[in-house]
Amino acid sequence: MFYLSLSPVTSLYVCCTANALHTTSNSTKQFNSFITKTTSQQHLYAKITSLCSSPIPFKDTTDAHSLFSQLRDPNIDLYNALLRRVLSSKCKENALLAILMYVEMMCKGLDFDKYTYPLVIKACVELRELRYGRLVHAHVIKNGFALDLYVVNSLMRFYGVCGCVGSVRKAFDRSPLRDLVSWTILIQGYVDNGYWKEGVDLFFEMVDDGLRADERMMAVVISACAKLGDLRLGKKLHEYVWSYKLNFDVFLGNALVDMYLKCGERDVALSVFREMPMRNVISWNTLISGLAQRREFKQAMDAFNEMQDQGVKPDENTLVGVLNCCSNLGALGVGKWVHKYVDRNRIQVTGFAGNALVDMYAKCGTMDDALKVFGSMSTKDIYSYTSVIVGLAAHGKARMALDFFYEMLDIGIQPNEVTFVGVLTACSHGGLVEEGQKLFADMWRVHKLKPRIEHYGCMVDLLGRAGLIDEAMEFVQHMPIEPDASIWGSILAACRIQGKVELAEHVTEILVNIESEKDGTYVLMSNTYASVSKWRDALEVRKAMKRQKIKKVPGCSSIELDGIVSEFRRCDKAHPRSKDIYAAVEQLTLHLTGTEAFSNGSEYFIV
DNA sequence: TTAGGGTTAG
């Protein structure tokens, strides 16, 4: 009621004041004592001018605000300088203070100039607060700055970061003046909001209009191309860079490396990376995460080691990439090192790094550590919960996984498709048929999530593992999407456990039609025969594999020894530390199975 | 004095 009775400007003021005072509450005492001091206006001007020209990073917003509040008659230049200073260090508190100062000045009746609005809009961009920006936009129109190129470009950027692509487009279309910056912001508005193709199309539209792109624009367009994974387009854009002799700077280089990695040209990406005249931590992050996305985890870890050899300090994003590799390689030692690094450098264990740590511990088999990190996180999101749920499901802790799922719902975090993969896997491994069926139904009924093929796979697995093969078959027959090889694979696996030879033969036929070259189908069928002692049939299947030249794909695994990750697979030869690694594999096997499975010293060689 | 760039977990 109180808010409704206020004008938009006053309500913005009240809101900003409350927020700003809240964020600087620890300095309120200083603020109060300062404000009571009688300082001459001249002294204030001198102090603000020196504050604005100081090279020291601007952290304490209270001083700036208290100085500013005491100014009886500030001139616009001083005011703009102070705003610029406040916004020079990017943080939400300072952005909020900038808005607060803006509203206070408005209340004092000061006339803003064309330099003020881009600064105030920059604060709105930092805060990503649509209501603030819209109000500033209204003031811009009212005060006659709606045709200023810098103001319009700033507003376009604001609407872009707030996800309002339509407003970006509208501002662009209505503006009588457009330059390369306007086009870049327009394209970026589309790209940042997932309209990659539209962004690229706009680039070509601009080129057709006779404008020539610069490095900044090309970085945006190439990053859109990376997301599209369109190599032909990527090469065309690279040619554009060459033909106009654009400066091969670190931004453009990073965008090109990312594009080639995502478009499947690893070697070209590496050669671009090596040729870059300057690299920064983001260049390394791009390389590490790009290799990890290609599932070349070992190579990504090698890149990380090289980065450290060259003295480049990793940042939070590097650690996320490295932890992702550790999760996939089972490199617990390196993962623990990253955890220590995080603690040593006081990196907050929340957000990306925290979630990646939880995932790493869960995938490396130390679920207790995963839960410890999870428990220590001050803010948890969908990724934190999903990592824990998927981890617990994989560890066979079905009940616990589901408890976390219900807790997540209780605190108002909405699950997504991946969460449900974890939830349904938990039910399947825990034999919780009825609960699994209910949760599967809830996916659409309650959470409006359309089940994907992997969810149907989980359900088939759930029924198959519980011995309900007829129900599983019926489920498959009523699926709204075409069952794929993984679905039939689950049925076949269930047949092997239950010794259902006839059905297994039928499913094998289907599977061979879908993917005749895969070895798994034949192996499962052969094992099904073996499970009911039909040894001759089992042998026949193996012979058929030989006739059709289907080989068992050698399993590939990895092991970490003294912090170095080595990949090894069956029947490969020679590794500098083959003896050590072989011994470690033997030890691990002994530990896990209680038997010396690798008694023959020539069974495993190292890549 | 004011506007635009690259990487990122389940």
Side-chain angles (χ1 to χ4, degrees), chain A residues 52 76-85 87 112-122 125 145 148-158 160-161 177-189 191-192 213-224 226 249-259 261-262 276 279-290 292-293 315-325 327 350-360 362-363 381-391 393-394 415-422:
Chain A
C52 291
I76 191 67
D77 292 336
L78 186 69
Y79 169 73
N80 286 346
L82 191 57
L83 262 187
R84 196 176 315 115
R85 187 70 180 90
L87 291 168
F112 302 122
D113 65 9
K114 62 174 185 173
Y115 300 110
T116 316
Y117 288 104
L119 286 165
V120 179
I121 298 163
K122 195 183 199 174
V125 168
F145 289 97
D148 183 274
L149 182 64
Y150 281 73
V151 174
V152 173
N153 285 351
S154 303
L155 280 168
M156 280 173 57
R157 173 95 187 98
F158 166 74
V161 301
L177 280 172
R178 291 164 198 170
D179 65 356
L180 198 57
V181 178
S182 323
W183 277 97
T184 309
I185 298 170
L186 175 72
I187 293 172
Q188 205 191 0
V191 175
D192 283 353
D214 67 358
E215 293 82 4
R216 289 184 156 203
M217 174 171 280
M218 289 316 289
V220 175
V221 182
I222 292 168
S223 83
D249 68 11
V250 69
F251 290 97
L252 200 45
N254 292 347
L256 281 168
V257 170
D258 185 45
M259 182 273 289
L261 280 169
K262 294 219 169 92
M276 280 169 73
R279 290 191 282 260
N280 60 10
V281 64
I282 299 181
S283 321
W284 288 98
N285 293 351
T286 306
L287 183 64
I288 293 167
S289 65
Q293 269 168 17
D315 69 4
E316 198 183 322
N317 297 316
T318 324
L319 302 180
V320 171
V322 173
L323 285 170
N324 177 21
C325 296
S327 307
T350 48
F352 275 71
N355 293 339
L357 270 175
V358 172
D359 187 54
M360 181 277 294
K363 291 230 177 87
D381 61 10
I382 169 87
Y383 288 96
S384 335
Y385 271 96
T386 303
S387 293
V388 162
I389 292 167
V390 170
N416 64 18
E417 286 89 349
V418 187
T419 323
F420 270 100
V421 171

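Chain A is the first sequence line, chain B the second, and so forth, proteins listed ahead of strands; every chain is numbered from 1. None of the values given here were measured: they were computed from a predicted structure.
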Remember a base hit wins even if backbone is also touched, and classify [X] as base, sugar-phosphate or nothing at under 4.0 Å, heavy atoms.
X: A:Glu417; result: nothing
X: A:Val418; result: base
X: A:Thr286; result: sugar-phosphate
X: A:Val388; result: nothing
X: A:Glu215; result: base

Check whether the aromatic ring of [X] stacks on the base of [N], taking stacking as ring centres less than 5.5 Å apart and planes within 30° of each other.
X: A:Tyr383; N: B:dG10; answer: no
X: A:Tyr150; N: B:dT2; answer: yes
X: A:Phe251; N: B:dG5; answer: yes

What's the closest nucleotide to the [X] side chain, out of [options]?
X: A:Asp148; options: B:dT2, B:dT7, B:dG10; value: B:dT2
X: A:Ile282; options: B:dG10, B:dG4, B:dT7; value: B:dT7
X: A:Arg84; options: B:dG10, B:dT2, B:dT7; value: B:dT2
X: A:Ile185; options: B:dG10, B:dA3, B:dG5; value: B:dA3
X: A:Leu149; options: B:dT7, B:dA9, B:dA3; value: B:dA3
X: A:Asp258; options: B:dG4, B:dA9, B:dT7; value: B:dT7
X: A:Val390; options: B:dG10, B:dT2, B:dG4; value: B:dG10

As a quick check of understanding, evaluate side chain to side chain contact (heavy atoms under 4.5 Å, CB included) for A:Ile187 and A:Met217, giving each step before the final call. CA-CA 8 Å; A:Ile187 293 172; A:Met217 174 171 280; 3.9 Å; yes
Applying side chain to side chain contact (heavy atoms under 4.5 Å, CB included) to A:Leu149 and A:Ser182, what does each step give before you reach the verdict? CA-CA 8 Å; A:Leu149 182 64; A:Ser182 323; 3.7 Å; yes
Just so I know, are the side chains of A:Phe251 and A:Arg216 near enough to count as touching, which here means a heavy-atom distance under 4.5 Å?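 Result no, sub-4.5 Å side-chain heavy-atom pair not found.
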Provide, to the nearest angstrom, the distance between the [atom1] atom belonging to [X] and the [atom2] atom belonging to [N].
X: A:Met259; N: B:dT7; atom1: CE; atom2: P; result: 12 Å
X: A:Trp284; N: B:dG6; atom1: CH2; atom2: C1'; result: 16 Å
X: A:Ile121; N: B:dA3; atom1: CD1; atom2: P; result: 10 Å
X: A:Lys114; N: B:dA3; atom1: NZ; atom2: P; result: 13 Å
X: A:Ile382; N: B:dA9; atom1: CD1; atom2: P; result: 15 Å
X: A:Tyr117; N: B:dA3; atom1: OH; atom2: C1'; result: 16 Å
X: A:Leu177; N: B:dT2; atom1: CG; atom2: C1'; result: 15 Å
X: A:Asp179; N: B:dG5; atom1: CG; atom2: C1'; result: 15 Å

By side chain to side chain contact (heavy atoms under 4.5 Å, CB included), which residues pair with A:Ala394, not counting sequence neighbours?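 Side chain to side chain contact (heavy atoms under 4.5 Å, CB included) list for A:Ala394, sorted by chain: empty.
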Is [X] side chain donor-acceptor paired with the [N] base, going by distance under 3.5 Å alone?
X: A:Asp214; N: B:dG4; result: yes
X: A:Asn254; N: B:dG5; result: no
X: A:Thr184; N: B:dG4; result: yes

Any side-chain donor near an acceptor of the partner, A:Ser327 and A:Asn324, under 3.5 Å: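 No donor-acceptor contact under 3.5 Å links the two side chains.
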Determine whether A:Val390 and A:Asp359 satisfy the following criterion, side chain to side chain contact (heavy atoms under 4.5 Å, CB included), listing intermediate values before the conclusion. CA-CA 9 Å; A:Val390 170; A:Asp359 187 54; over 6 Å; no
